[in-house]
2 protein chains.
Amino acid sequence: MKLNELKVACSSCNLRELCLPVGFGRDDLTRLDALVASRKTVKRGDALFHAGDPFQSLYAVRTGFFKTCVSSEDGRDQVTGFQMAGELLGLDAISQDRHTCDAIALEDAQVCQIPYSQLESLSREFTELQHSFHKIMSREIVRDHGVMLLLGSMRAEERLAAFLLNLTQRLAARGFSPTSLVLRMTREEIGSYLGLKLETVSRTFSKFQEDGVLEVKQRHIRVLDLDALHALLNSSSAC
Amino acid sequence: MKLNELKVACSSCNLRELCLPVGFGRDDLTRLDALVASRKTVKRGDALFHAGDPFQSLYAVRTGFFKTCVSSEDGRDQVTGFQMAGELLGLDAISQDRHTCDAIALEDAQVCQIPYSQLESLSREFTELQHSFHKIMSREIVRDHGVMLLLGSMRAEERLAAFLLNLTQRLAARGFSPTSLVLRMTREEIGSYLGLKLETVSRTFSKFQEDGVLEVKQRHIRVLDLDALHALLNSSSAC
DNA sequence: CGTGTCTTTGAAGCGAGTCAATCAGGGTGG
DNA sequence: CCACCCTGATTGACTCGCTTCAAAGACACG
């Protein structure tokens, strides 16, 4: 066994508290190691998979940043999520044995490949894994419902505030500063995710800067007034 | 064993081709029967569960029609789906051991109660069930992504067309006429689902009627020109 | 037959989209 | 090392689709 393969094992991965094995004990973790077949490198701009590709494996993001997007027959497309370290890609593909969205790396990335058939068989004899996997799928459903709420009933400022708060929370959980971040995606990608045009995203960033809520320098964002962002979400009756 | 309990068994349920046991053989079906604990009746307007309720069971709709809706802290709320016979309710609750949305019956309904712990243990020794359950969760994710596409990039007419096409397809799969239907939900609920105000929904229905695409009499809808509905989705370049 | 809920329709206003021009960086090649 | 180019970001002016506010109509139910 080669040394760099040891490194990739779940049992020694620093993401184990965020990824599939949340809450696992030491013994559980070593059982998981059998599951992760290999690492895979994806360069910025490249696709990990495309819609229509046959489904073999799920992928856990180790490093880097992804977007997933679906597209309709008439060429419309929609960013459905942004994934960072510890998050799973490919859950949509189980339903039809084919991927239903594209997963594109927004920066150079590394993923762990998890063959789905092995995940199924291992989780049959390993209750914690089964439970953990179900929770992750369910969490994705809950997340999607939150996005539906956002897209269905929020105004531009509220959408961007919700987006930034979500991003900073997830970054904070990974040990990054919750007040200073670098966006990995373009204004257009943010807009697609939030159901806005890129100009509206840009204008809203500028508005936040004027109001002293953010400092915006291209993709570098500093949160100056976290309460103001929260306030945008907790009081729709602000008008 | 009482006669009416025999009737509720998956092995003799006429929904078995739409529900959890899709593609199961005779033997598989009888193994499933152990899973469904009981039936439950929900009256029109009542909740099957509320957001925050502790999670015990999933529910399969036997008869009737439900809506699920999430709400944010500030009282905004969003219909996240409409469920009919054979569809599962409660998948969102697995992630946090609590329901995250309300499930409200839009007409008198009957559901099968599926204790989640039993579903987990049975699916550990029963590959087909495990696989089927995973597919159902994954399908929910794919559906949500479709709704996100709708909410993020479609205009009012396109949203309503997509909604109606989806509804008629699901009704057709259950043996109902694909051209004539009775809406179980109000304009406001449709609007909430589609990210529109109820007046806009009403106006769009009227527009479709003027154009000869639909015949609309309150909640009674007849589809006159199916192609026109499809055309609204397949050519955004119609302008 | 009245009452409340849901639906329809109109008129006016506004938020976000569209179109277009300019600006800022990052990378590349001379 | 710098000028250039290309992509992405910003900003402005105008337009349009949807929302808002308001009133009237239709239906279901007691």
Side-chain angles (χ1 to χ4, degrees), chain A residues 43-45 65 67 76 78-79 104 106-108 150-164 181-211 214-222 232 236-239, chain B residues 43-45 65 67 76 78-79 104 106-108 150-161 163 182-211 214-221 232 236-239:
Chain A
K43 285 231 270 292
R44 178 193 153 123
F65 203 86
K67 69 168 177 180
R76 231 188 299 252
Q78 170 79 23
V79 172
I104 314 286
L106 296 180
E107 58 180 357
D108 290 353
L150 178 148
L151 290 171
S153 70
M154 292 189 183
R155 293 176 307 104
E157 286 183 30
E158 298 167 334
R159 295 184 194 196
L160 192 61
F163 170 72
L164 289 171
L181 62 150
V182 178
L183 299 174
R184 254 64 237 217
M185 68 297 276
T186 66
R187 299 291 190 259
E188 185 167 21
E189 287 160 340
I190 297 173
S192 172
Y193 182 60
L194 298 178
L196 301 169
K197 293 293 158 182
L198 69 96
E199 294 96 329
T200 305
V201 174
S202 179
R203 270 185 251 270
T204 308
F205 270 124
S206 299
K207 171 90 169 29
F208 282 166
Q209 188 161 32
E210 283 168 31
D211 294 352
L214 298 180
E215 186 183 302
V216 183
K217 282 196 192 126
Q218 304 286 129
R219 298 197 181 180
H220 296 259
I221 308 289
R222 179 180 296 274
L232 272 167
S236 64
S237 51
C239 37
Chain B
K43 284 231 269 293
R44 178 193 153 124
F65 204 87
K67 69 168 176 179
R76 230 189 300 253
Q78 169 79 24
V79 172
I104 315 284
L106 296 182
E107 58 181 358
D108 290 354
L150 178 148
L151 290 171
S153 69
M154 292 188 183
R155 293 175 307 102
E157 287 182 31
E158 297 167 334
R159 293 184 194 194
L160 192 60
F163 169 71
V182 178
L183 298 174
R184 253 67 237 216
M185 66 297 275
T186 67
R187 301 289 190 257
E188 185 168 21
E189 286 160 340
I190 297 172
S192 172
Y193 183 59
L194 298 178
L196 301 169
K197 293 294 159 184
L198 68 96
E199 294 95 330
T200 306
V201 174
S202 178
R203 272 184 250 272
T204 308
F205 270 124
S206 300
K207 171 89 170 27
F208 282 166
Q209 187 162 32
E210 283 168 33
D211 295 352
L214 298 180
E215 185 183 302
V216 183
K217 281 197 192 125
Q218 304 286 127
R219 298 196 182 182
H220 296 259
I221 308 288
L232 272 168
S236 65
S237 51
C239 37

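These figures come from a predicted structure and were not determined experimentally. Any value given below was found using the heavy atoms of this structure, including those in side chains, with hydrogens, waters and symmetry copies removed.
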Between atom CG in A:L106 and atom P in D:dG8, what is the gap in whole Å? 12 Å
How many whole angstroms separate atom CD of B:E158 from atom C1' of D:dG17? 12 Å
Determine whether B:R184 and B:K67 make a side-chain contact, defined as any pair of heavy atoms from C-beta on separated by less than 4.5 Å. no
Pick the nucleotide of DNA chain D nearest each of B:R44 and B:E157; which residue has the one closer to the 5' end? B:E157
In whole Å, I'd like the distance from the NZ atom of B:K197 to the P atom of D:dA22. 16 Å
Interatomic distance where CE belongs to B:M154 and P belongs to D:dG17 [whole Å]: 17 Å
B:Q209 atom CD, over 12 foreign heavy atoms within 6.0 Å: yes
Return yes if the base of C:dC6 and the side-chain atoms of B:E188 contain a donor-acceptor N/O pair under 3.5 Å, otherwise no. no
What's the separation between atom CG in B:L160 and atom CG in B:L232, rounded to the nearest 0.5 Å? 9.5 Å
Which is true for B:T186 with a 4.0 Å heavy-atom rule: it touches a base, it touches only sugar-phosphate, or it touches nothing? sugar-phosphate
Candidates C:dA16, D:dC27, D:dT10 - which lies nearest the side chain of B:Q218: D:dC27
Any base atoms under 4.0 Å from B:R203, or only sugar-phosphate, or nothing? Heavy atoms, all strands. base
Can you tell me how far CD of B:Q218 sits from CG of B:L183, rounded to the nearest 0.5 angstrom? 10.5 Å
Just distance, no hydrogens or angles: give the donor-acceptor pairs under 3.5 Å from side chains in residues 191-204 of chain B, sequence neighbours left out.
from	atom 1	to	atom 2	distance (Å)
B:S192	OG	B:V79	N	2.8
B:Y193	OH	B:R143	NH1	3.2
B:T204	OG1	B:T200	O	2.6

Describe the nucleic acid contact of B:L198 in one word from base, sugar-phosphate, nothing, applying a heavy-atom distance below 4.0 Å. base
What is the nucleic acid contact for A:S202, judged by heavy atoms within less than 4.0 Å: base, sugar-phosphate only, or nothing? base
Contact class for A:G195 vs. all strands (heavy atom < 4.0 Å): base, sugar-phosphate, or nothing? sugar-phosphate
A:R219 atom CZ is separated from C:dG26 atom C1', nearest whole Å, by 11 Å
5'-most by nearest nucleotide on DNA chain C - B:S206 or A:A156: B:S206
Regarding the side chain of A:L196, the nearest nucleotide among D:dT10, D:dT19, C:dG17 is C:dG17
Taking for each residue the nucleotide of DNA chain C with the nearest heavy atom, is it B:K217 or A:H220 whose nucleotide lies nearer the 5' end? B:K217
Using atom CD of A:E199 as one end and atom P of D:dT15 as the other, report the distance to the nearest whole Å. 17 Å
Compare side-chain N and O positions of B:T200 against OP1 and OP2 of D:dT19 and report whether any pair is under 4.0 Å apart. yes
